[in-house]
Amino acid sequence: MKRTKIIDLIRRTDYGAKVVVKGWVRTKRGSKAVCFIALNDGSTIKNVQVVADIADFDEELLKQITTGACLSVTGTLVESPGAGQSSEVHATQIELLGTCDADYPMQKKGQSFEFMRKNAHMRLRTNTFGAVMRIRHQMAYAIHTYFHEHGYCYFHTPIITASDCEGAGEMFQVTTKNLYDLKKGDDGKILYDDDFFGKQTSLTVSGQLEGELGATALGAIYTFGPTFRAENSNTPRHLAEFWMIEPEMAFIDLEELQDVEEDFIKYCVRWALDHCQDDLEFLNKMIDKSLLERLQGVCTTEFVRLDYTEGISILQDAVNKGHKFEFPVSWGMDLASEHERYLVEEHFKKPVIMSGYPKEIKAFYMKQNADGKTVQGTDVLFPQIGEIIGGSVREENYAKLMSRIEELHIPMKDMWWYLDTRRFGSCPHGGFGLGFERLMLFVTGMQNIRDVIPFPRTPGQAEF
Ligand code: ATP
Ligand code: MN
């Protein structure tokens, strides 16, 4: 007989029907006469209660039904007299698919997140990680749906690349060379002509530059793929391997770009509220009591549009009134997370879209403003998270772009193809990057980015 998934089973009311459920034991309790087994199959946060009359089953079998064991249960669907569930399964037959050794790490409730990270292979079986992973799936689906419905083309940019988009280093090298016997030139520098690609290559830190090629041909594209940064930052908001969504649009100005950023995030958060109710209610109860309220809030409030220069004066005002920041505030500085969070959480109490940054703290490709000092970068700052989106209108003028590249001494010999977009039918365009796990942090209320991806990669950590 075909099994019923628990998510479908709990909606059924055809009491008396014969059913088969399969899943893992969450808890077992009982009296002399009956045994109650809470079974979960991952299709929902909810368990189904299996009721077994002890007299009907072999004692040895019942003994082996411990937390973590995997069962196939055949029985009758019965309306439940107990609170918290509408139906239960009265077992007629129990097959033990897999017993669970006594050292099963997820046995106890309320283990620390630190402990669960060390057991990331098993933490997926817990309520919290089940909820987070189902929401993660829904968010990925929401993102594809949003862009598909708005006429964007899903565009695949390479993971192995010879260009460093941010010009900032922090890249993982890709090589097949023998690292113990490297070919070097007379000056001692490594030669790459004998390497797989005949040049130095790395894992991508962003698909943007190739994304711009897509947008200036197809009109609007988005990428959604793995991204790698060897930043040794060890914060609760940085991973060495994360997933980034990068839409890029032709014929867009700063205001329209900000409109897309806002509309897109709201759509994703709305989607979570509409499609992940049970999991969000669980997280709201167990992880963060203000989660649902915060998600509702984001969907219904208008984001603040704030000029960088104005943001700096708000922060300076705060300092003058006695607010203590770890890092000093002055025009020209890059905002630290504490500054971003002050603006969002204390001053405006709303998400903020900031723009008009000093060119010195932003990437070479951002469109320069007429003042010669600022660029059309536009970051979205969120409560709890800080920066969730980094974006900009791109500099489409060849001469201006080149002069910035020269000022910054960016090696562009491998980037001729990027510059060609500004020579052959250049057009105004822009886009942004959203860190998928930053969005996940916001939507789940989880505190550490290591806990919203199945198998996190961080400095010193590549287990599983
Ligand atoms: P931050 O200042 O937080 O390190 P960034 O300025 O380096 O961010 P961008 O280069 O603009 O970020 O990347 C775009 C987006 O990718 C960011 O807004 C963020 O959501 C996400 N992101 C960047 N670095 C990481 C990382 N190491 N782990 C997870 N997400 C990241
Ligand atoms: Mn960074």
Side-chain angles (χ1 to χ4, degrees), residues 136 139 143 157 161 163-172 203-209 211-212 222-248 257-258 260-262 264-265 268-269 303 308 327 333-341 343-344 351-355 357-366 375-394 430-444 446-461:
R136 191 177 162 104
M139 294 328 293
I143 287 160
T157 51
T161 169
S163 64
D164 174 357
C165 176
E166 304 293 321
E170 300 184 335
M171 301 184 89
F172 291 100
L203 296 177
T204 184
V205 294
S206 163
Q208 181 200 316
L209 301 188
E212 287 186 43
Y222 73 104
T223 71
F224 188 171
T227 309
F228 306 87
R229 294 191 185 178
E231 40 197 0
N232 204 355
S233 38
N234 254 315
T235 78
R237 284 184 302 279
H238 289 88
L239 290 164
E241 177 181 301
F242 62 103
W243 288 67
M244 186 142 69
I245 298 102
E246 295 184 276
E248 189 74 30
L257 179 62
Q258 293 177 333
V260 177
E261 292 177 340
E262 181 167 347
F264 168 60
I265 292 212
C268 293
V269 174
F303 295 6
Y308 169 88
F327 299 100
M333 68 155 193
D334 204 353
L335 298 189
S337 180
E338 55 171 347
H339 305 126
E340 297 173 343
R341 293 184 64 169
L343 290 171
V344 173
V352 170
I353 309 187
M354 190 177 260
S355 58
Y357 290 89
K359 65 180 179 188
E360 282 75 20
I361 59 169
K362 289 291 181 187
F364 71 92
Y365 49 70
M366 293 195 185
V375 290
Q376 294 188 8
T378 163
D379 291 357
V380 181
L381 313 178
F382 252 45
Q384 310 276 316
I385 314 290
E387 179 187 328
I388 190 164
I389 279 182
S392 76
V393 178
R394 318 305 185 192
F432 62 84
L434 167 83
F436 188 47
E437 287 76 18
R438 298 259 174 108
L439 176 68
M440 281 299 300
L441 279 177
F442 181 73
V443 169
T444 59
M446 299 293 284
Q447 296 296 310
N448 194 313
I449 200 162
R450 292 163 182 78
D451 300 332
V452 295
I453 186 166
F455 306 107
R457 296 290 179 256
T458 51
Q461 181 55 258

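When a ligand or atom number is given, it counts from 1 through the structure's own listing order.
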In terms of atom number and element, which parts of ligand 1 are under 4.0 angstrom from non-hydrogen atoms of [X]?
X      : answer
Glu231 : 24 (N), 25 (C), 26 (C), 27 (N)
Gly433 : 14 (C), 15 (C), 18 (O)
Arg237 : 28 (N), 29 (C)
Ile389 : 18 (O)
Gly390 : 11 (O), 18 (O)

Pick out which of Thr227, Val452, Ile453 makes a side chain to side chain contact (heavy atoms under 4.5 Å, CB included) with Leu239. Ile453
Side-chain touch Asp379/Ile389, heavy atoms, less than 4.5 angstrom: no
Pairwise side-chain contact, Leu441 with Gln384, heavy-atom cut-off 4.5 Å (strictly under): no
Would you tell me which option among Glu437, Glu170, Met440, Arg229 has the nearest heavy-atom contact to atom 9 (P) of ligand 1? Arg229
To atom 16 (O) of ligand 1, the nearest of Glu246, Glu340, Met244 on a heavy-atom basis is Met244
Using the side-chain hydrogen bond (donor to acceptor under 3.5 Å, both in side chains) definition, which of the options Arg450, Arg136, His238 pairs with Glu437? Arg136
Is the contact between Arg438 and ligand 1 made by the side chain, the backbone, both, or neither, using heavy atoms and a 4.0 Å cut-off? side chain
Any heavy atom of Val205 under 4.0 Å from ligand 1? The part involved is neither
Once the angle between the rings of Trp243 and Phe224 is folded into 0 to 90°, is it parallel (under 30°), tilted (30 to 60°) or perpendicular (over 60°)? perpendicular
Name the orientation class of the two ring planes belonging to Phe382 and Phe303 (parallel below 30°, tilted from 30 to 60°, perpendicular beyond 60°). perpendicular
Report yes if Leu434 has an N/O atom closer than 3.5 Å to an N/O atom of ligand 1; otherwise report no. no
N or O pair under 3.5 Å between Gly435 and ligand 1: yes
Nearest-0.5 Å distance that lies between atom CG in Asp334 and atom CD in Glu387: 8.5 Å
Check for me whether Ile449 has a heavy atom closer than 4.0 Å to any atom of ligand 1. yes
Does the side chain of Gln208 pick up a donor-acceptor pair with the side chain of Glu212 at under 3.5 Å? yes
